[in-house]
Amino acid sequence: MTENVDPIPGDPDFPWEPPLAGSELEHLIGMLDRLRWTFRWKASGLDADGLSKRLGPSALTLGGLLQHLAGVEALRFTWDLDRSDPGEPWRSADWSDSDWTFTTAADKSPDELYRLYDDAVAAARERLAAVIADGGIDRPSALGEGDQRASVRRLVCDLIEEYGRHTGHADLLRENVDGLVGEDPPASWRP
């Protein structure tokens, strides 16, 4: 029988736990990271069949969600942030097909999808930390028109909303693949 361990924020076994009593910025970034960790755990350790399994009539797959969220991470903290180049595969993507991140995931191996996602999240974390250090979370981004620019805070909030939606999808998809359920990764889990 496995011992049920309550996570302690700041504990290296539970790096996804936001602070219990941090600043508003620490809570905001902490909630985003918690969703990132939870989503990655829900999608972890699967082969191509597991990553491409669907639930009912939906076309969503865990592989498609991995690639989609990698794209959202990459674009949010490059193009939306300051109109910088998001790199490949985003630069040459067929953006006329708004679902291409979902539909082309089956063309990639599990290793490619996991690497794409993990690299996008790592780069987004670095860019966000640099922006916060150089002007704060309330500085304007490139998203918007004229003087009406979204703040970096808004970009983070939009990303939290995106993860909230898709982590819920991942819960259902993963349970359908192999029965994995739960709210948080087990202690010491790493991608």
Side-chain angles (χ1 to χ4, degrees), residues 16 28-29 31-131 141-144 150 152-178 180 185 190-191:
W16 52 85
L28 190 65
I29 302 303
M31 292 311 298
L32 174 57
D33 272 341
R34 181 182 207 168
L35 284 165
R36 286 168 166 159
W37 277 91
T38 302
F39 171 77
R40 182 60 172 81
W41 171 57
K42 290 293 180 167
S44 72
L46 295 174
D47 61 13
D49 288 339
L51 288 174
S52 63
K53 188 167 184 181
R54 296 177 178 194
L55 179 60
S58 174
L60 281 179
T61 65
L62 286 167
L65 288 173
L66 277 165
Q67 183 165 262
H68 171 71
L69 286 171
V72 173
E73 291 270 7
L75 293 169
R76 182 79 58 220
F77 294 114
T78 57
W79 186 252
D80 291 348
L81 179 66
D82 59 12
R83 296 295 185 244
S84 59
D85 181 359
E88 293 298 343
W90 323 113
R91 181 186 315 120
S92 60
D94 178 9
W95 293 109
S96 67
D97 175 6
S98 61
D99 288 336
W100 81 266
T101 58
F102 295 110
T103 58
T104 63
D107 301 335
K108 292 182 174 59
S109 72
D111 287 344
E112 289 174 295
L113 289 169
Y114 291 129
R115 186 173 43 256
L116 184 68
Y117 177 81
D118 292 342
D119 290 351
V121 169
R125 280 186 177 122
E126 287 178 23
R127 284 188 215 103
L128 181 57
V131 165
S141 71
L143 191 63
V152 174
R153 178 189 309 273
R154 172 62 188 264
L155 298 182
V156 171
C157 289
D158 286 351
L159 191 55
I160 290 170
E161 178 191 11
E162 188 83 8
Y163 267 100
R165 179 180 317 115
H166 293 315
T167 301
H169 294 139
D171 281 336
L172 296 172
L173 288 165
R174 183 57 186 255
E175 185 174 6
N176 187 50
V177 170
D178 62 7
L180 177 72
R190 298 295 180 273

*Asks:* Using the side-chain contact (heavy atoms from CB on, under 4.5 Å) rule, take Y163 and E73 through it: C-alpha gap first, then chi angles, then the decisive distance, then the call.
*Replies:* CA-CA 10 Å; Y163 267 100; E73 291 270 7; 2.7 Å; yes

*Asks:* Are the side chains of L60 and L65 in touch, meaning some heavy atoms are under 4.5 Å apart?
*Replies:*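 They are in side-chain contact.
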
*Asks:* Minimum heavy-atom separation for T38 to P185, with atom names?
*Replies:* OG1-CD, 4.4 Å

*Asks:* For the atom pair CD (Q67) and OG1 (T61), what is the distance rounded to the nearest 0.5 Å?
*Replies:*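 Those atoms lie 9.0 Å apart.
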
*Asks:* H68 vs F102 aromatic rings, parallel, tilted or perpendicular, using cut-offs 30° and 60°?
*Replies:*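 If you compare the ring of H68 with that of F102, the planes turn out parallel.
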
*Asks:* Is there a donor-acceptor pair closer than 3.5 Å between any side-chain N or O of K42 and the backbone N or O of T167?
*Replies:*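 No, because the side chain of K42 does not come within donor-acceptor range (under 3.5 Å) of the backbone of T167.
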
*Asks:* Does a side-chain heavy-atom distance below 4.5 Å link S58 with L172?
*Replies:*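 Answer no - side chains too far apart.
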
*Asks:* So, D158 and R154, do they make that salt bridge, N to O below 4.0 Å?
*Replies:* yes

*Asks:* Please step through side-chain contact (heavy atoms from CB on, under 4.5 Å) for the pair V152 and L128, ending with a clear verdict.
*Replies:* CA-CA 8 Å; V152 174; L128 181 57; 3.7 Å; yes

*Asks:* W90 and A70: which non-hydrogen atoms are nearest, and at how many Å?
*Replies:* CZ2-C, 3.7 Å

*Asks:* Output yes when a side-chain donor or acceptor of N176 lies under 3.5 Å from a complementary backbone atom of R54, and no otherwise.
*Replies:*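 Flag set: sc N176 to bb R54 pair under 3.5 Å.
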
*Asks:* Nearest 0.5 Å, what's the CD-CG distance between E175 and L180?
*Replies:*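 That separation rounds to 8.5 Å.
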
*Asks:* Check whether any side-chain N or O of S44 sits under 3.5 Å from a backbone N or O of P191 as a donor-acceptor pair, and report yes or no.
*Replies:*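 No, S44 side chain to P191 backbone: no donor-acceptor pair under 3.5 Å.
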
*Asks:* Between E112 and R115, is there a side-chain N and carboxylate O pair less than 4.0 Å apart?
*Replies:*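 No salt bridge links E112 with R115.
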
*Asks:* Hey, are E162 and R165 close enough for a salt bridge, meaning a charged N less than 4.0 Å from a carboxylate O?
*Replies:* yes

*Asks:* Should the heavy atoms of other residues, nucleotides or ligands under 6.0 Å from CZ of R127 be counted, would the total exceed 12?
*Replies:* yes

*Asks:* At what distance, to the nearest 0.5 angstrom, does CG of L113 lie from CG of L51?
*Replies:*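 These two atoms lie 6.0 Å from each other.
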
*Asks:* Is a salt bridge present between D33 and R125, judged by a nitrogen-to-oxygen distance below 4.0 Å?
*Replies:*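 So D33 pairs with R125 through a salt bridge.
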
*Asks:* Nearest 0.5 Å please: distance from the CD1 atom of I160 over to the CZ atom of R34.
*Replies:*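 Here the interatomic distance stands at 12.0 Å.
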
*Asks:* For the CG atom of L55 and the CG atom of L62, what is their distance to the nearest 0.5 Å?
*Replies:*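 Output value for this atom pair is 10.0 Å.
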
*Asks:* Would you name the heavy atoms of L35 and G164 that are closest together and state the gap between them?
*Replies:*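 Smallest interatomic distance, heavy atoms only, reads CD1-N, 4.1 Å.
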
*Asks:* So do the side chains of F39 and L66 get within less than 4.5 Å of each other, counting heavy atoms only?
*Replies:*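 Contact flag for F39/L66 side chains = yes.
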
*Asks:* Using atom types as modelled and distance alone, determine if a side-chain donor or acceptor of W95 lies under 3.5 Å from a backbone N or O of W100.
*Replies:* no

*Asks:* Considering only heavy atoms from C-beta outward, does the side chain of V156 approach that of F77 to under 4.5 Å?
*Replies:* yes

*Asks:* Using every non-hydrogen atom in the two residues, find where G87 and D85 come nearest and quote the distance to one decimal.
*Replies:* N-OD1, 2.8 Å

*Asks:* What's the separation between atom CZ in R36 and atom CE in M31, rounded to the nearest 0.5 Å?
*Replies:*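 With rounding to 0.5 Å, CZ (R36) is 12.5 Å from CE (M31).
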
*Asks:* When you measure from the side chain of Y114 to the backbone of R40, do you find a donor-acceptor pair of N or O atoms at a distance under 3.5 Å?
*Replies:* no

*Asks:* Could you walk me through whether L46 and R174 pass the side-chain contact (heavy atoms from CB on, under 4.5 Å) test, one step at a time?
*Replies:* CA-CA 9 Å; L46 295 174; R174 183 57 186 255; 3.6 Å; yes

*Asks:* Where do P86 and A74 come nearest, in terms of heavy atoms and distance?
*Replies:* CB-O, 4.3 Å

*Asks:* Please step through side-chain contact (heavy atoms from CB on, under 4.5 Å) for the pair V72 and L159, ending with a clear verdict.
*Replies:* CA-CA 8 Å; V72 173; L159 191 55; 3.4 Å; yes

*Asks:* Test D111 against S109 for side-chain hydrogen bond (donor to acceptor under 3.5 Å, both in side chains), laying out the working first.
*Replies:* CA-CA 5 Å; D111 287 344; S109 72; 5.3 Å; no

